[in-house]
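FYI, side chains are in, hydrogens and waters are out, and symmetry mates aren't considered; it's all heavy atoms of this structure. Residue numbers begin at 1 in each chain, while the letters A, B, ... track the order of the sequences.
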There are 2 protein chains.
Amino acid sequence: MPQKDPPRRSTVRDVAVAAGVSPGTVSKALNRSGQVSDETRARIEQAARELGFRPNELAKSVFNRRSFTVGMITTDSFERFSVPVMLGAEDALGAGRISVFLCDSRDDPIRESHYIEVLLGRRVDGIIVTGRSSNPRKPISVDASTPVVYALTPSSDPDDCSVVVDDVAAGRLAGDHLIGLGRRRIGHITGPSSFDAVRRRAQGLAHALEEAGTTIAGGVLAGSWSEAWGRQAAQILLRSNPDIDAIHCGSDLIARGVTEALRDAGRSIPSDIALSSTDNWQLIAEGARPPLTSIDMNLSQVGQVAAQRLLEAIEGKSQSGIELVTPTLVVRASTDGGV
Amino acid sequence: MPQKDPPRRSTVRDVAVAAGVSPGTVSKALNRSGQVSDETRARIEQAARELGFRPNELAKSVFNRRSFTVGMITTDSFERFSVPVMLGAEDALGAGRISVFLCDSRDDPIRESHYIEVLLGRRVDGIIVTGRSSNPRKPISVDASTPVVYALTPSSDPDDCSVVVDDVAAGRLAGDHLIGLGRRRIGHITGPSSFDAVRRRAQGLAHALEEAGTTIAGGVLAGSWSEAWGRQAAQILLRSNPDIDAIHCGSDLIARGVTEALRDAGRSIPSDIALSSTDNWQLIAEGARPPLTSIDMNLSQVGQVAAQRLLEAIEGKSQSGIELVTPTLVVRASTDGGV
DNA sequence: TTGAAAGCGCTAACAG
DNA sequence: CTGTTAGCGCTTTCAA
């Protein structure tokens with residue numbers, strides 16, 4: 001009879017003896033299953049309260065073969081992008097009384113597979129995989145009975161279920177907005193062209209401009225995600241296309257750099273040049289001079305939808321393919337001189 | 001005989017029949033406990049591999065009364081501050097093969113106590129509570145057998161174990177640095193004085209200046225954590241103390257605002273005015289013109305130490321009181337004209 | 001060296 | 001309405 005040193009908490013049996021009934025009856029009373037007389041139930045609940053009884057969910061899980069637990073693996077240390085996704089997912093899952101295991105793989109395949117082993121050992125009901133970039137990734141390998149949903153970073157296997165941001169729509173949204181303001185000579189300064197997101201956003205922007213009979217002024221200026229690149233690219237653009245009347249940026253940080261270069265060049269925002277960007281990173285967008293109009297990628301919605309799909313898959317109704325979440329335009333002073 | 005629909009994975013018993021031995025022997029062989037002949041062990045491992053057997057940690061936990069799982073509760077949605085703490089903790093715990101449950105209470109007491117219930121039900125071995133501010137908080141209520149460590153935001157009960165950043169040292173570090181550069185007329189622009197961190201940092205700065213025979217020029221300018229306040233306060237300071245030769249800021253964002261105001265005023269950094277700040281938020285500090293010297297609060301170390309203390313408490317060696325983590329100075333161009 | 005049996009904490013089936 | 005029994009998956013005495 002092994003007796004361990006860890007804390008011995010009160011059990012169903014303890015409650016049973018305290019209430020003078022059998023363990024089975026305690027279970028029924030506390031779970032409102034089966035038929036128990038009000039009088040007995042009251043006595044049991046009383047005893048449970050006095051003993052500070054809290055049912056052991058682990059034991060239930062063993063019995064139910066269901067842990068009400070999911071794993072969330074990120075490759076990017078939950079930086080700016082995956083945090084909102086993760087919170088959205090946690091939110092949606094919490095409502096279904098499911099807890100989330102946090103795993104930061106740091107983009108290391110060894111760590112990642114280690115985490116997968118651990119999660120499977122803990123019998124998670126499913127796994128959400130998230131990352132930074134929207135470039136597809138190799139699917140993780142788990143036994144077929146554990147559902148997996150990819151968020152933000154899709155799986156390269158089209159049979160998997162992925163939920164990502166609609167980058168084309170993001171570009172188009174910005175384009176339509178600037179066009180709607182009457183601008184026609186619109187530049188685009190963005191991140192490295194190795195990112196699918198960069199290419200798709202540019203594509204969406206180009207489509208919007210095409211419909212208005214124009215093209216991206218100066219072409220797509222792809223560089224890095226930094227403020228420094230924003231400053232530099234803005235200078236290039238002002239030199240090549242001095243008559244430009246709007247610029248759309250691939251990130252808020254880039255846009256910050258652009259605001260500075262424009263100020264240095266004596267161009268005012270938005271009257272001379274309207275400026276929009278992507279991410280809607282509040283602290284950055286609102287702190288800029290002027291505050292930035294930005295495309296919100298609705299990352300927490302990505303997380304919520306991913307969680308939703310995972311729940312469905314756990315229930316046996318699994319989807320496959322890539323689901324797109326639509327971004328939203330947030331207008332601020334950098335395109336809105338009116339207010 | 002309840003037969004559930006959830007996936008039936010292979011069990012010790014399955015491996016046992018496949019290998020033609022008893023379950024007990026499988027357990028011994030796989031855990032390298034007890035004595036098993038090499039030949040039998042090989043056969044068992046072979047069978048386990050073929051069946052894709054993975055031990056059910058939940059069942060082990062029930063037996064061991066130890067889940068190798070901890071809960072992490074944050075009040076601030078894992079924003080900029082608690083993310084590094086959480087990652088540091090996850091790192092330290094992962095090494096001990098402990099998984100982390102993520103709980104975002106959003107500063108809502110109802111949600112918080114709900115999460116605590118859930119965590120205790122899942123029989124976590126311990127709980128880490130973290131938040132945004134360094135102001136003490138009311139301790140969470142759990143049964144005495146579940147250890148709790150507070151990170152970043154200390155418990156108001158001195159008998160609890162808390163791990164926080166040393167704000168006084170942060171202020172002193174900045175002061176010593178600026179003094180070391182030969183500056184003597186040093187201003188301080190910081191966040192709301194309702195934050196303990198704000199008051200303690202100012203205090204540390206003041207001490208450093210005192211030792212050099214000076215005081216904070218213009219007094220402590222306490223406002224908000226925004227860039228806008230940084231801009232505004234810098235203007236105030238330039239007016240009241242035009243001969244100022246250094247400014248220390250309570251956050252990188254505030255410092256960003258200050259850089260702009262100084263540029264507008266035609267003061268150059270660092271030759272006219274040296275500028276230092278707090279947080280070392282890399283993206284922000286490095287993107288500034290010039291890049292900002294900043295005090296790194298070593299948040300991930302806070303998380304690591306908290307995890308360490310929690311592990312000790314789980315082993316029965318619990319500490320109490322507040323432990324301070326020392327910040328680090330990161331020098332960049334805003335105080336270093338030399339390079 | 002191996003197997004049989006009992007138990008971790010909980011629940012469901014079946015009697016009474 | 002309540003108690004008994006068996007079993008979730010695993011481990012650990014204790015015999016053989």
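Note: CZ (A/R123) to P (D/dC10) measures 7 Å, nearest angstrom. Atom C1' of nucleotide D/dG9 and atom CG of A/L120 are separated by 17 Å, given to the nearest angstrom. Look at CZ on A/F63: it is 17 Å from P on C/dC8, rounded to the nearest Å. If you take CD1 of A/I44 and P of D/dC1, they are 13 Å apart, rounded to a whole angstrom. The distance between atom CG of A/L30 and atom C1' of C/dC10, rounded to the nearest whole Å, is 11 Å. Going from atom CZ of A/R66 over to atom C1' of C/dT11 covers 17 Å, rounded to whole Å. Straight-line distance from the CG atom of A/N64 to the P atom of C/dC10: 13 Å, rounded to whole Å. Atom CZ of B/R9 is separated from atom C1' of D/dG9 by 13 Å (rounded to the nearest Å).
Nucleic acid contact class of A/T11 (heavy atoms, under 4.0 Å, all strands): sugar-phosphate only.
In this structure B/D196 satisfies the side-chain contact (heavy atoms from CB on, under 4.5 Å) test together with B/S134, B/N135, B/P136, B/R199, B/R200, sequence neighbours excluded. Residues forming a side-chain contact (heavy atoms from CB on, under 4.5 Å) with A/S145 (at least two apart in sequence, or on another chain): A/D143, B/P7, B/R9. Shown here are the side-chain contact (heavy atoms from CB on, under 4.5 Å) partners of B/A306, two or more places apart in sequence or in another chain: B/V149, B/A151, B/V163. Listed by chain and number, the residues in a side-chain contact (heavy atoms from CB on, under 4.5 Å) with A/Q46 are A/R49, A/E50 (sequence neighbours excluded).
Across C/dC10, D/dT11, D/dG9, the shortest atom-to-atom separation from the side chain of A/R65 is found for D/dG9. Each of C/dT11, D/dC10, C/dC8 was ranked by its minimum atom distance to the side chain of B/K60; first place goes to D/dC10.
Comparing the local axis fitted to the first five base pairs of the helix from C/dT1-D/dA16 to C/dG16-D/dC1 with the one fitted to its last five gives a bend of 50°, rounded to 10°.
The salt bridge (Lys or Arg N to Asp or Glu O under 4.0 Å) pairs that include a residue from residues 22-38 of chain A are A/R32-A/E45, where partners are two or more places apart or lie in different chains. Evaluation of the salt bridge (Lys or Arg N to Asp or Glu O under 4.0 Å) test over residues 91-101 of chain B, restricted to residues two or more places apart or in two chains, returns A/R106-B/D91, A/R111-B/D91. Listed by first and then second residue, the salt bridge (Lys or Arg N to Asp or Glu O under 4.0 Å) pairs involving residues 113-125 of chain A are A/R66-A/D125, A/E117-B/R54 (not counting sequence neighbours). Listed by first then second residue, pairs satisfying ring pair (Phe, Tyr, Trp, His ring centres under 6.0 Å) with a partner in residues 106-154 of chain A number zero, not counting sequence neighbours. Here salt bridge (Lys or Arg N to Asp or Glu O under 4.0 Å) pairs that include residues 144-156 of chain A, with residues two or more places apart or in two chains, number zero.
A close approach under 4.0 Å does not occur between any side-chain nitrogen or oxygen of B/R8 and OP1 or OP2 of D/dC8.
Salt bridge absent: A/D107 and A/R137 never bring a charged side-chain N and a carboxylate O closer than 4.0 Å.
For A/I140 against A/V129, the heavy-atom pair with the smallest separation is CD1-CG2, 3.8 Å. Annotation for B/D14 and B/T11: closest pair OD2-N, 2.8 Å, computed over non-hydrogen atoms.
Contacts with DNA chain D (heavy atom under 4.0 Å) in residues 51-58 of chain B: B/F53, B/P55, B/N56, listed by number.
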Scan nucleotides 2-5 of chain C against the protein and return all N/O pairs shorter than 3.5 Å with their distances rounded to 0.1 Å.
residue : atom : partner : partner atom : Å
C/dT2   : OP1  : B/S37   : OG           : 3.4
C/dT2   : OP1  : B/T40   : OG1          : 2.4
C/dT2   : OP2  : B/S37   : N            : 2.9
C/dT2   : OP2  : B/S37   : OG           : 3.4
C/dT2   : OP2  : B/T40   : OG1          : 3.1
C/dG3   : OP2  : B/S22   : N            : 2.9
C/dG3   : OP2  : B/S22   : OG           : 3.3
C/dG3   : OP2  : B/T25   : OG1          : 2.9
C/dG3   : O6   : B/K28   : NZ           : 2.8

